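A quick write-up on the structure given underneath.
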Amino acid sequence: MILNIVPSAQPGDASAAVHADMEAWGAYTKAMIDAGVMRGGNALESSSKATTLRIRDGQRDIQDGPYADSKEQLGGYYIIEVPDLDTALQWAARNPAASYGAVEVRPVMQM
């Protein structure tokens, strides 16, 4: 899984960096589809639209917003199928978020 870590946007300016670079995102997605490695993925709304739930002492604690206030947020993800970490890192290096945010590569847990 390739996680797109993008700068946190101001409320009302959700995912501005992502929208400003839609052509690069579209080309990156198409390259993975054409290579036959893409298995899924989604872009996510800004973390300012998140709702966080915790269960403490059997009670639901619900709050608006992300669980952590940070300068970056998860902007989306791709699920790819490649033979090894080196190949996954090659795809991660082409991810538009690598140039202004970060890209995390994480194996999907086998259940």
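Predicted model, so just to flag it, every value in this text is computed and none were measured.
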Study note, to complete from the structure: Applying side chain to side chain contact (heavy atoms under 4.5 Å, CB included) to Ser99 and not counting sequence neighbours gives none
Check your understanding: Just wondering, more than 12 heavy atoms not from Arg54 lying within 6.0 Å of its CZ?
Key -> yes
Mind listing the side-chain donor-acceptor pairs of residues 80-92 below 3.5 Å, one per line with the distance, residues two or more places apart or on another chain?
from, atom 1, to, atom 2, distance (Å)
Glu81, OE1, Arg39, NE, 3.1
Asp84, OD1, Asp86, N, 3.3
Asp84, OD1, Thr87, N, 2.8
Asp84, OD1, Thr87, OG1, 2.7

Say you draw a straight line from [atom1] of [X] to [atom2] of [Y]; how long is it, rounded to the nearest 0.5 Å?
{"X": "Gln63", "Y": "Leu53", "atom1": "CD", "atom2": "CG", "value": "9.5 Å"}
{"X": "Asp61", "Y": "Ile55", "atom1": "CG", "atom2": "CD1", "value": "8.5 Å"}
{"X": "Gln73", "Y": "Glu45", "atom1": "CD", "atom2": "CD", "value": "10.0 Å"}

Over all atoms of both residues, closest heavy-atom pair of [X] and [Y]:
{"X": "Ala31", "Y": "Arg94", "value": "CB-NH2, 3.4 Å"}
{"X": "Gly101", "Y": "Pro7", "value": "CA-CD, 4.3 Å"}
{"X": "Asp21", "Y": "Pro96", "value": "OD2-CB, 3.9 Å"}

Practice item. Examine Leu44 and Val108 and state if one hydrophobic cluster contains both, with Ile, Leu, Val, Met, Phe, Trp and Tyr joined whenever side-chain heavy atoms are less than 4.5 Å apart. Key: yes
**Study point:** Leu74 and Asn4, any side-chain heavy atoms less than 4.5 Å apart
**Key:** no
Check your understanding: Counting distance only, does the side-chain N/O of Asn95 pair as donor-acceptor with the main-chain N or O of Ala97 below 3.5 Å?
Key -> yes
**Study point:** Those residues that, when tested against Tyr28, pass ring pair (Phe, Tyr, Trp, His ring centres under 6.0 Å) (two or more places apart)
**Key:** Tyr78
